[in-house]
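Heads up, the thing below is written out as structure tokens.
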Amino acid sequence: MRLTLFGTRGSIPAPGPETARYGGNTPSIEVRGADGTVLVLDAGTGVRRLGAQLPPDLTRVDILLTHLHMDHIQGLGFFGPLYHPGIQVHIWGPASATLPLDARLSRYLSPPLFPVHLRDLPRITCHELPAPAFEIGPFRIRTALVCHPNPTIGFRLEEAGRSAVYLPDHEPALGLKDGCWLEPDWTSGYELAADADLLIHDAQFTDEQYARCVGWGHSTHGQALEFAARAGAKELVLFHHDPGHDDATLERLLADALRRFQPAFRVSGGCEGAVYELGPQPARATPGASRRQRARGPKPTGADRAAAAPIRPASNR
């Protein structure tokens, strides 16, 4: 399993020289299986560049949306495979009690907000979550609702005994007093994140920001580290950076969190272009572009700890 970060910013894009290291695009991650299967985690503005570098012989791609806040679907209309009649695009996202997923996405992919209607795109299929564990290519995927305003899904991806968990918008500390965490069964996202080889987790706020924004659905660096430690994650990538935090601020927040918490696992700040590899051998991050491989068709079957060596995040490309 190879994960490439194409967008790591939260709330709104924040491009500029002051954010060049960590990146200014909103969330999108490419995940490739050993057989070439392609998954896309969220469709923020980073998904445009992600789509432009996919293999030309790709026949299917699956987009897993955590939720429908604008920063996570902002780039969807600019994802090239949506317009290719030879590519099946399956979109997985949270169910709602009011409208089906395709109808809610159509509120964005239609005039006056966008010139193209979702219904006019050639080969789109929508699936609603959460659902029982299902398979796409070599991946076994588990989902659950997590603590964030409006229906929000967390994802656990498993392949060949390795696991990556994606919780980009998550507030597991909501309601806690004096740092007293709840038991695992009562902690949002715990079941998904337990013993994960790689955990990508929300770390948008400083402590001061969080005090003013309790209930907004985000975490501090310290809360992310505490959650990862309690879940037994082996590697943590801090994600969904606040648009007001430049590279220097993120470096300072990371250094401060490491000094305060001294985690026993590896921690890094998510940078655009970083690549993480989880394989049957000790995992390591690798630079550069992915191999061109043909993506085999996924096989959805739901509605619709293996020990690991540390992973080293690659520098920006």
Side-chain angles (χ1 to χ4, degrees), residues 1 3 27 29-43 59-69 72-73 76 88-105 123-172 182-202 217 227 230-233 278 295-306:
M1 184 188 327
L3 300 93
I29 298 177
E30 180 199 81
V31 185
R32 295 225 190 173
D35 68 345
T37 293
V38 176
L39 308 179
V40 176
L41 302 177
D42 277 327
T59 60
R60 177 167 176 164
V61 60
D62 289 71
I63 302 173
L64 311 181
L65 299 175
T66 55
H67 60 306
L68 304 190
H69 287 169
H72 291 255
I73 62 170
L76 187 58
Q88 301 177 50
V89 180
H90 289 252
I91 302 176
W92 305 75
S96 167
T98 57
L99 289 172
L101 179 61
D102 58 350
R104 284 175 290 132
L105 289 173
R123 303 181 70 184
I124 309 296
T125 304
C126 291
H127 310 264
E128 297 191 337
L129 300 169
F134 58 97
E135 295 178 359
I136 299 177
F139 296 105
R140 183 175 186 268
I141 301 174
R142 292 168 50 195
T143 60
L145 290 167
V146 298
C147 188
H148 186 74
N150 308 129
T152 300
I153 300 295
F155 291 97
R156 182 184 180 100
L157 313 177
E158 299 173 345
E159 182 193 20
R162 308 299 296 276
S163 57
V165 175
Y166 182 59
L167 298 171
D169 291 57
H170 188 217
E171 190 178 2
L182 301 175
E183 292 299 314
D185 289 349
W186 291 91
T187 301
S188 171
Y190 179 90
E191 185 177 358
L192 290 178
D195 302 315
D197 292 303
L198 180 68
L199 171 61
I200 300 172
H201 195 278
D202 185 334
F227 176 80
R230 290 177 177 274
L278 299 173
R296 300 177 185 174
K299 303 175 182 177
T301 59
D304 69 62
R305 145 187 176 205

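- For the salt bridge (charged side-chain N to carboxylate O under 4.0 Å, His left out) condition, the pairs that include at least one residue of residues 151-161, sequence neighbours left out, are R140-E158, R142-E158, R156-E158.
- Between H67 and N150 there is no side-chain heavy-atom pair separated by less than 4.5 Å.
- To the nearest 0.5 Å, atoms CG (L198) and CE (M1) are separated by 8.5 Å.
- Among residues two or more places apart in sequence or in another chain, the side-chain contact (heavy atoms from CB on, under 4.5 Å) test is passed with P100 by D102, A103, E128.
- The line from CG of L68 to CD1 of I73 is 5.5 Å long, rounded to the nearest 0.5 Å.
- Closest approach of D195 to S163, counting heavy atoms only: O-OG, 4.0 Å.
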Would V40 and I29 satisfy side-chain contact (heavy atoms from CB on, under 4.5 Å), going step by step from the backbone distance to the final call? CA-CA 6 Å; V40 176; I29 298 177; over 6 Å; no
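- Distance CG/L101 to OG1/T125: 11.5 Å, rounded to 0.5 Å.
- Across every non-hydrogen atom of L278 and A164, the tightest pair is CD1-CB, 4.0 Å.
- T143 places no side-chain N or O within 3.5 Å of a backbone atom of L129 that could act as its donor or acceptor partner.
- Scanning both residues, A43 and L65, for their nearest heavy atoms gives N-CD2, 3.9 Å.
- The only member of F139, F155, Y166 that meets side-chain contact (heavy atoms from CB on, under 4.5 Å) when paired with L64 is F155.
- Residues V165 and I200 are not in side-chain contact: their nearest non-hydrogen atoms beyond the backbone lie 4.5 Å or more apart.
- Scored by the ring pair (Phe, Tyr, Trp, His ring centres under 6.0 Å) test, F227 finds H170, H201 as partners (sequence neighbours excluded).
- Listed here is the closest heavy atom pair of P138 and A34: CG-N, 4.4 Å.
- At a threshold of 4.5 Å between non-hydrogen side-chain atoms, the residues R230 and P172 do not count as touching.
- Of the inter-residue distances, the one linking L99 atom CG with L105 atom CG reads 11.0 Å to the nearest 0.5 angstrom.
- Two residues are said to be in side-chain contact when any heavy atoms from C-beta on lie closer than 4.5 Å; P27 and L41 fail this criterion.
- Without hydrogens or angle criteria, D42 side chain to T66 main chain gives a donor-acceptor distance under 3.5 Å.
- The nearest pair of heavy atoms linking D202 to G217 is OD2-O, 3.5 Å.
- Not one N or O on the side chain of D62 forms a donor-acceptor pair closer than 3.5 Å with the backbone of L39.
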Kindly indicate, with the supporting measurements, whether the criterion side-chain contact (heavy atoms from CB on, under 4.5 Å) is fulfilled by V146 and D169. CA-CA 9 Å; V146 298; D169 291 57; over 6 Å; no
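- For the pair L167 and G189, the tightest heavy-atom approach, listed with the atom from each and the gap, is CD1-O, 4.3 Å.
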Let me see the working for W92 and I141 under side-chain contact (heavy atoms from CB on, under 4.5 Å), right down to the final yes or no. CA-CA 11 Å; W92 305 75; I141 301 174; over 6 Å; no
